[in-house]
Amino acid sequence: MSIRPATKDDASLLFDMSMLTDQLKELAIFQKFESKVVISREQYAKDLEDGCFKAFIVIDDETGEAAGMAIYHDTFDCWKGRTISMNQLIVRPQFRSKKYGKLLWAAVAQAAKDRGVAHMSWDVVDWNKGAIGFYNSVPGVREVMNDKGLIQYMMSKEGIEQFTASSKHCFL
């Protein structure tokens, strides 16, 4: 298994191999938001190239296939300063038993630590019990329910430090 940051040079790879396109469709279907996907392949590639978001890709060693991705972007809190929002974390169904989700999450947390952010945040649909159980089991994570059927999670700077320290083995 290998994980690496996506770069602007990956845009054609991400789309030509249908990795992100398929995963976005899978995510939309999984979250029951299929009708909400309106971005074109071209716009998505341009947004990646322009740095609107960053991504990590995990490749499965056995198959050589893209097994999952995490997309995040920098945000700003007027009271706390720089933060990171993880917009998507998805592992394809056939790879979900390999702990790639934790690996991708740890990569985003490491990016947050490297940037010295005040916190990182992400949303989970309120019916995704597996993800909810996983996030709730990690020290330093707190949840806040919003009114859109999503649970917003936040990990403090201290939580990021703890999580990245406990996840160092993921990158060896």
Side-chain angles (χ1 to χ4, degrees), residues 1-75 84-115 117 120-125 127-135 137-138 141 150-151 153 155 160 163-164 166-172:
M1 160 278 313
S2 63
I3 187 166
R4 64 178 176 76
T7 68
K8 66 178 185 158
D9 296 332
D10 290 320
S12 64
L13 170 70
L14 295 172
F15 285 92
D16 291 347
M17 296 180 68
S18 299
M19 200 265 307
L20 282 179
T21 302
D22 287 348
Q23 285 187 325
L24 286 173
K25 288 178 186 174
E26 289 171 18
L27 180 64
I29 290 166
F30 180 72
Q31 291 185 336
K32 302 176 184 166
F33 291 136
E34 191 171 8
S35 65
K36 306 275 186 204
V37 179
V38 296
I39 193 167
S40 68
R41 289 168 48 99
E42 294 77 17
Q43 185 63 52
Y44 200 97
K46 182 178 182 332
D47 290 347
L48 174 63
E49 185 173 352
D50 289 349
C52 293
F53 65 91
K54 296 165 186 65
F56 287 104
I57 301 166
V58 64
I59 306 296
D60 182 67
D61 282 340
E62 293 176 25
T63 65
E65 292 180 53
M69 67 172 184
I71 294 175
Y72 65 98
H73 60 277
D74 292 320
T75 53
I84 280 183
S85 177
M86 184 171 62
N87 185 254
Q88 295 174 340
L89 188 156
I90 185 168
V91 176
R92 289 184 164 164
Q94 65 269 34
F95 301 109
R96 288 193 181 144
S97 63
K98 296 187 173 192
K99 302 190 188 255
Y100 290 155
K102 182 175 182 180
L103 179 70
L104 288 161
W105 188 31
V108 176
Q110 185 64 51
K113 179 181 174 185
D114 293 346
R115 286 175 173 72
V117 303
M120 67 183 256
S121 61
W122 62 97
D123 295 336
V124 177
V125 289
W127 52 262
N128 188 344
K129 302 303 181 200
I132 292 167
F134 174 64
Y135 293 132
S137 73
V138 176
V141 173
L150 298 173
I151 299 172
Y153 282 92
M155 183 183 282
I160 292 167
F163 183 64
T164 55
S166 70
S167 300
K168 287 277 185 220
H169 67 280
C170 290
F171 301 105
L172 300 177

Are Lys46 and Glu49 packed together at the side-chain level, in the sense that at least one heavy-atom pair is separated by less than 4.5 angstrom? no
Tell me the closest heavy-atom pair linking Val108 and Ala70, and the distance in Å. CG2-CB, 3.7 Å
Tightest non-hydrogen contact, residues Tyr44 and Gln88, listed as OH-OE1, 4.3 Å
CG-CG distance between Asp123 and Leu89, expressed to the nearest 0.5 angstrom: 13.0 Å
When rounded to the nearest 0.5 angstrom, what distance separates CZ in Phe95 from CD1 in Ile59? 9.0 Å
Tell me whether Asp60 contacts the main-chain N or O of Glu62 through its side chain, where contact means a donor paired with an acceptor under 3.5 Å. yes
Can you name the closest pair of heavy atoms from Tyr135 and Val124 and give their distance? CE1-CG2, 3.4 Å
If the plane angle is over 60° it's perpendicular, under 30° parallel, otherwise tilted; pick one for Phe56 and Tyr72. parallel
Within-4.5 Å side-chain heavy-atom neighbours: Phe163 and Val138: yes
Find out whether Lys54 and Asp74 are in side-chain contact, i.e. whether some heavy atom of one side chain is under 4.5 Å from a heavy atom of the other. yes
Between the CD1 atom in Ile84 and the CE atom in Met120, the distance rounded to the nearest 0.5 Å is 7.5 Å
Roughly how far, to the nearest 0.5 Å, is the OH atom of Tyr153 from the CD1 atom of Ile132? 5.0 Å
Nearest atoms (heavy-atom pairs only) where Ala107 meets Ile3: CB-CD1, 3.7 Å
Value for OG1 (Thr75) from CG (Asn87), rounded to nearest 0.5 Å, stands at 11.0 Å
Working to the nearest 0.5 Å, report the span between CH2 of Trp105 and CE of Met155. 4.0 Å
Using side-chain heavy atoms (C-beta onward) and a distance below 4.5 Å, is Lys102 in contact with Phe134? yes
List the atom of Ala66, the atom of Ile57, and the distance in Å for their closest heavy-atom pair. CB-CG2, 4.4 Å
